[in-house]
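Below, all heavy atoms of this structure are taken into account, side chains as well, without hydrogens, waters or symmetry copies. For clarity, every value in this text was computed on a predicted model and none was experimentally measured.
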Amino acid sequence: MDVTRYLSRPKSLDAAFPWILALLAVGYVAYHWSNPVETVTDSGSYLDFNSLRTATYPIFLDLVTAVFGTVDAVAKAQLVIAAGTFAFLGWSLYRAFGSALFALAPVAALILHPQIASFHSAVMTESLFISLLCLLIGFSALTSSRDGLWGWTVSAALSCGLAITVRPAGVSLLIIWPVLFWLIWRRLDGRRVVLAVAVIAPIALCLIVENTLWHAYHESSSRPSLADRHLFAKALMVESEPSLSDPELARLAATGRLVTAPARELIADAPSHYAQVTLLSNFEGEVQWWRELDSEINEIERQRGISQSDVFAQVGRTAMLNAPLAWIGNALTHYFGLWSRAYVTPAIYEEYQTYIENAEPNPLVPNGFSRSADPLSPIQRLSSSLMATGLLISTLAVGLAAWQRLRHGDPDARLVVAAVCCLAIHTHLLTAGLFGIMATRYAVAMGPFLAVCGVLLASWTIEYARNAAAARFPALAAPRLGGGRSR
């Protein structure tokens with residue numbers, strides 16, 4: 001059987017392919033339509049538009065509620081938006097690279113992923129963020145494969161800017177633009193300035209509009225940042241004590257570190273990496289909302305005429321910048337802990353439970369430790385391990401794209417998109433580790449990037465192997481899979 005005819009792009013499929021995607025989208029919506037909306041711990045901060053949140057998602061919630069009369073409609077709105085963007089992703093990959101199979105594969109992966117499906121029902125940013133990533137990838141694929149048409153570039157930049165305003169950690173997505181332009185630099189001759197403006201202007205517009213809306217709602221000149229709370233927590237939890245030249249801030253940090261010392265000792269003696277990273281995440285989560293230092297913080301606020309957020313920022317940023325190695329070590333612990341969780345066995349989990357149950361009472365958790373989440377189910381472990389392994393393998397795309405760029409000046413478009421997707425994942429998760437507290441859902445939210453990266457790398461690898469074989473055995477020559485400038 002000649003499987004290549006299923007991988008190539010017959011003309012008859014051009015008209016049918018959008019209908020195939022539409023059927024998948026409608027089926028996805030129908031299957032999950034009855035799922036009720038769910039609220040979690042952080043949902044209230046979006047529904048009430050807490051000052052620590054960006055404006056885009058709370059405004060989205062208000063619009064949905066105003067149109068449909070109930071917040072329960074959020075789940076259905078997010079579901080429909082996600083299904084539409086999944087279909088768009090498949091269409092854009094098909095138009096860019098020409099293979100129906102490789103265009104449908106990432107769509108199927110997103111549709112079948114149970115945790116992504118659960119995001120649509122939650123009043124949280126993940127569903128909308130994933131939808132914007134699908135748009136970003138789709139428009140970027142069209143930009144990379146169709147000689148950098150400025151319209152696709154503007155659309156990709158708008159998607160990127162909106163994603164940043166939905167989740168501030170999305171600022172890490174900015175890495176894709178210099179990398180993308182460097183990889184396709186040769187194709188941009190004569191249009192580089194226009195395309196640079198086509199990226200910078202839409203992203204800047206999204207940020208300016210979001211900031212204006214935030215200030216209009218909160219009527220405040222000072223804007224707090226959740227990242228500052230995270231950094232303050234890290235300053236008290238890193239192993240090496242950071243140096244602070246400001247005596248009052250140094251005294252505040254020293255008081256906090258004195259209380260967190262038992263927590264750091266408990267982490268240092270943890271029986272496994274899983275126990276270590278779980279405890280670190282739990283303690284940092286407690287410290288960022290810890291109230292025992294309020295009197296000292298309030299005194300500094302009163303003396304200096306600054307906000308509590310400014311105190312967090314001055315301590316956290318200064319401490320972390322003065323101890324960069326400790327900062328990086330903390331981020332890497334979170335980063336690798338995210339992936340190692342997929343390989344936790346019941347024995348490791350029980351070992352952790354025994355360890356915390358025998359631990360001495362801790363000032364940060366006077367009521368005792370809460371049990372960590374149950375071990376992943378076999379299906380969840382398989383999904384997580386596939387994501388971890390897939391990301392490791394997909395990192396090859398970065399090296400291959402860079403190698404083709406340096407050697408030929410014009411890499412295969414599939415490798416270009418795969419490379420920027422892979423870099424976006426690593427950069428996003430490392431940013432979360434540096435400035436936040438890692439959660440599994442952060443990795444799952446990168447699902448569109450990983451699915452597309454893996455599929456395009458597989459497409460290029462198959463074609464490369466087939467061409468290499470055909471060079472030795474001409475009878476094996478077959479039509480290309482389509483899509484990039486082959487090397």
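With hydrogens and angles left out, the side-chain atoms of Thr427 and Ser172 include no donor and acceptor closer than 3.5 Å. In this model, no donor atom of one side chain and acceptor atom of the other lie less than 3.5 Å apart for His32 and Ser121.
Side-chain N or O atoms of Thr65 include none that pairs as donor or acceptor with a backbone N or O of Asp62 at under 3.5 Å. Panel note: side chain Trp460, backbone Val455; no donor-acceptor pair is recorded below 3.5 Å. Listed for the Asn211 side chain is no donor-acceptor partner under 3.5 Å among the backbone atoms of Leu207. Remark: side-chain polar atoms of Thr278 are not paired, donor with acceptor, to backbone N or O of Ala275 under 3.5 angstrom. A donor-acceptor pair is defined here as one N or O able to donate and one able to accept, closer than 3.5 Å; no such pair exists between the side chain of Arg414 and the backbone of Leu457. Arg405 places a side-chain N or O within 3.5 Å of a backbone atom of Trp182 that can act as its donor or acceptor partner.
Nearest heavy-atom pair, Gly138 versus Leu89, reported as atom, atom and distance to 0.1 Å: N-CD1, 4.0 Å. Closest of all the heavy-atom pairs between Ser127 and Ala82 is OG-CB, 4.4 Å. Minimum interatomic distance between Pro411 and Val416 (heavy atoms only, all atoms of both residues): CB-CG2, 3.9 Å. Among all heavy-atom pairs drawn from Leu142 and Ser92, the shortest one is CD2-O, 3.8 Å. Smallest separation of non-hydrogen atoms from Thr165 and Thr54: O-OG1, 2.6 Å. Among all heavy-atom pairs drawn from Ser140 and Trp177, the shortest one is OG-CH2, 4.4 Å.
For the pair Glu284/His230, no side-chain contact is recorded, criterion being any heavy-atom separation below 4.5 Å from C-beta on. Counting only heavy atoms from C-beta outward, the side chains of Asp410 and Gln404 never approach each other to under 4.5 Å. Proximity of Asp42 to Thr125: side-chain heavy atoms (C-beta onward) are nowhere separated by under 4.5 Å. Looking at heavy atoms from C-beta onward, Asn50 lies out of side-chain contact with Tyr46 at the 4.5 angstrom threshold. Side-chain contact between Asn35 and Leu79 is absent, with no heavy-atom pair separated by less than 4.5 Å. Between Arg229 and Phe312 the shortest side-chain heavy-atom distance falls below 4.5 Å. Two residues are said to be in side-chain contact when any heavy atoms from C-beta on lie closer than 4.5 Å; Leu226 and Arg53 meet this criterion. Using a 4.5 Å heavy-atom threshold, the side chains of Phe102 and Ile462 count as touching.
Atom CG in Leu93 sits 8.0 Å away from atom CD1 in Ile137 (nearest 0.5 Å). Within the model, atoms CE of Met446 and CZ of Arg441 stand 12.0 Å from one another, a figure rounded to the nearest 0.5 Å. Remark: Leu180 CG to Ile175 CD1 distance equals 11.5 Å, nearest 0.5 Å. Between Ser145 atom OG and Arg187 atom CZ the span is 8.0 Å, to the nearest 0.5 Å. Taking SG from Cys422 and CG from Leu450, the interatomic distance works out to 8.0 Å, rounded to the nearest 0.5 Å. Atom-to-atom distance recorded for Leu135:CG and Ile81:CD1 is 10.0 Å, nearest 0.5 angstrom.
In this structure, Arg167 has no side-chain hydrogen bond (donor to acceptor under 3.5 Å, both in side chains) partners at least two apart in sequence or on a different chain. His120 is linked by a ring-ring contact (aromatic ring centres under 6.0 Å, His included) to Tyr28, counting only residues two or more places apart in sequence or in another chain. By the ring-ring contact (aromatic ring centres under 6.0 Å, His included) test, Phe449 pairs with no residue at all, sequence neighbours left out. Listed by chain and residue number, Trp91, Phe139 satisfy the ring-ring contact (aromatic ring centres under 6.0 Å, His included) test with Phe88 (two or more places apart in sequence, or in another chain). With sequence neighbours left out, His215 forms a ring-ring contact (aromatic ring centres under 6.0 Å, His included) with no residue at all.
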Q. Under the side-chain contact (heavy atoms from CB on, under 4.5 Å) criterion, do Lys234 and His334 qualify, and how do the steps go?
A. CA-CA 12 Å; Lys234 291 178 185 294; His334 282 291; 3.5 Å; yes
Q | Intermediate values then yes/no, side-chain contact (heavy atoms from CB on, under 4.5 Å), Thr143 and Ser155 | A | CA-CA 10 Å; Thr143 297; Ser155 300; over 6 Å; no
Q: Go through the steps to decide whether Ile59 and Trp214 satisfy the test side-chain contact (heavy atoms from CB on, under 4.5 Å), and finish with yes or no.
A: CA-CA 10 Å; Ile59 289 174; Trp214 186 95; over 6 Å; no
Q.
Using side-chain contact (heavy atoms from CB on, under 4.5 Å), reason through Val64 and Gln78 one step at a time and then give a plain yes or no.
A. CA-CA 10 Å; Val64 172; Gln78 291 181 159; over 6 Å; no
Q: Check step by step if side chain to side chain donor-acceptor pair (under 3.5 Å) holds for Thr395 and His426.
A: CA-CA 9 Å; Thr395 304; His426 285 296; 3.2 Å; yes
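Using cut-offs of 30° and 60° on the angle between ring planes, the pair Tyr274 and Tyr352 is perpendicular. Taking the six-membered ring for Trp and thresholds of 30 and 60 degrees, His408 and Trp403 have ring planes more than 60 degrees apart, a perpendicular arrangement.
Counting heavy-atom neighbours within 6.0 Å of Trp289 CH2, excluding the residue itself, gives a total above 12.
Aromatic pair Phe129/His428: centroids less than 6.0 angstrom apart. Here the two rings, on Phe49 and His218, have centers that are under 6.0 Å apart.
Under the ring-ring contact (aromatic ring centres under 6.0 Å, His included) criterion, the residue pairs touching residues 60-83 are Tyr57-Phe60, with sequence neighbours excluded.
With a 6.0 Å cutoff to the six-membered ring centre and a 45° limit on the axis angle, Arg191 does not count as a cation-pi contact of Trp150.
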